[in-house]
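Note sheet for the following structure.
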Number of protein chains: 2
Amino acid sequence: MDTRDQLIDSTRELLWERGYVGTSPKAIQQHAGAGQGSMYHHFSGKRELALEAVQRSADELLAAAEAQLRTPGTAVERITAYLRREREVLRGCPIGRLTQDPGIVADPELRAPVDETLTRLRARLAEVLDEGRATGELPAGLDTTALAATVVAVLQGGYVLARAANAPEPFDQAVSGILSLLTAF
Amino acid sequence: MDTRDQLIDSTRELLWERGYVGTSPKAIQQHAGAGQGSMYHHFSGKRELALEAVQRSADELLAAAEAQLRTPGTAVERITAYLRREREVLRGCPIGRLTQDPGIVADPELRAPVDETLTRLRARLAEVLDEGRATGELPAGLDTTALAATVVAVLQGGYVLARAANAPEPFDQAVSGILSLLTAF
DNA sequence: GTCTATACTTGGATAGAC
DNA sequence: GTCTATCCAAGTATAGAC
């Protein structure tokens with residue numbers, strides 16, 4: 001990995017851990033093992049670095065979701081696989097956490113990939129639910145758009161609860177709760 | 001309201017909007033219309049101000065929830081009232097947002113009221129669900145602890161989705177989704 | 001209690017040498 | 001491409017006058 005990539009990767013880590021306002025250029029340089037001049041040679045500054053970093057994390061998140069959702073099985077099985085997959089719960093969601101950052105939401109170009117990622121994720125989950133509805137696994141009248149938003153919200157909110165408690169249990173409980181309702185059909 | 005209270009109140013507003021790492025003593029002073037010396041006379045610094053501010057917001061959140069949950073009606077009706085109540089969705093949750101702040105979670109004394117608030121909220125919702133289960137409104141086998149976590153997670157995650165989209169719709173969808181499942185019993 | 005002055009650190013970036 | 005020097009604003013706090 002070259003210096004440029006290391007800088008982006010370090011930015012991703014720090015954005016995940018400390019957010020945009022909490023991440024300084026100096027911290028990025030130290031994490032990447034790069035000097036001041038090196039960073040400003042490759043990037044115009046913190047913002048440009050963040051743009052690349054956020055985009056990469058966004059792509060990765062959607063790819064990871066797709067890996068669970070495209071497996072064989074019923075709609076509920078695939079959603080279960082997605083919700084139950086191994087996660088670093090206490091670190092939170094690298095994309096969702098950015099929504100709490102004033103430096104991100106105030107900047108349309110930085111917010112855009114965050115918005116797009118969560119919107120696409122909901123759309124993809126709605127597709128899976130649609131398939132379940134089509135096969136009769138799920139009831140015909142189900143509002144799949146709403147339920148897809150609920151599923152993503154349970155994840156994002158589960159992270160919030162786990163971080164507050166400094167323990168993963170509330171996350172697991174929230175997931176169990178929604179799955180018990182979904183498997184009741 | 002005296003100067004001391006104004007400082008706490010300003011801190012609450014700024015913590016809500018910008019988080020702990022994003023809020024400077026100077027910003028607090030300006031928002032409160034108080035001078036430097038005044039602030040440091042009443043408080044040892046930003047951290048002490050935050051301790052008081054977070055505690056007040058926590059108390060207020062629990063009181064607001066209780067206002068909806070103690071109304072007459074079935075369990076699902078009361079939870080519906082709670083979820084559907086008027087909210088400043090795009091501002092997010094003044095307590096939940098703090099879980100994304102490294103300055104809060106890294107400090108046990110600052111994290112404690114956040115943890116306690118969300119834990120109590122889940123416990124209170126579980127009580128309401130227990131009552132519904134006792135009256136036969138909800139099924140006997142229901143895991144009320146898990147479902148309470150789900151309900152709070154939908155709220156917290158709904159805020160995340162709404163802030164990402166810069167629009168309240170995803171929040172409303174997430175709430176609709178969980179309520180449609182709850183009213184299916 | 002509040003004000004102003006002062007101090008030191010960090011944030012964020014530019015300039016020019018190598 | 002990377003390094004060091006430099007710069008100015010902001011963050012966070014202390015000191016002492018009023």
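Residue numbers start from 1 in every chain, and the chains themselves are labelled A, B, ... in the order their sequence lines are given, proteins ahead of strands.
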Practice task
Answer yes or no: is there a donor N or O on one side and an acceptor on the other, between the side chain of Ser10(B) and the main chain of Leu7(B), under 3.5 Å?
Solution key: no
Exercise for the section: Find which nucleotide of DNA chain C each of Ser44(A) and His41(B) is nearest to by heavy atoms, and output the residue with the more 5' nucleotide. Expected result: His41(B)
Handout entry: First and last nucleotide of DNA chain C, 5' to 3', lying under 4.0 Å from heavy atoms of chain A
Key = dG11(C) to dT14(C)
Exercise for the section: Examine the side chains of Thr71(A) and Arg78(A) and answer whether a donor and an acceptor come within less than 3.5 Å of each other. Expected result: no
Handout entry: Separation of dT14(D) P from Lys46(B) NZ (nearest whole Å)
Key = 15 Å
Problem - DNA chain C contacts made by residues 18-35 of chain A, counting heavy atoms under 4.0 Å - result: Thr23(A), Ser24(A), Pro25(A)
Practice task
Could you pick out which residue, Gly45(A) or Thr3(B), lies toward the 5' side of DNA chain C when each is mapped onto its nearest nucleotide?
Solution key: Thr3(B)
Problem - Criterion side-chain contact (heavy atoms from CB on, under 4.5 Å) against Thr23(B), the qualifying member of Glu13(B), His31(B), Arg18(B), Glu17(B) - result: Arg18(B)
Problem - Residues Glu116(A) and Arg120(A) bridged, charged N to O under 4.0 Å - result: yes
Handout entry: Whole angstrom value for the distance that separates P of dT14(D) from CZ of Phe43(B)
Key = 15 Å
Handout entry: Side-chain donor or acceptor of Lys46(B) paired with backbone N/O of Tyr20(B) under 3.5 Å
Key = yes
Handout entry: Hphob cluster co-occupancy, Leu51(B) + Ile95(B), side-chain heavy atoms under 4.5 angstrom
Key = yes
Exercise for the section: For Gln68(B), enumerate each residue passing the side chain to side chain donor-acceptor pair (under 3.5 Å) test, keeping only those at least two apart in sequence or located in another chain. Expected result: none
Practice task
Answer yes if the side chains of Gln29(B) and Gln36(B) hold a donor-acceptor pair under 3.5 Å, and no otherwise.
Solution key: yes
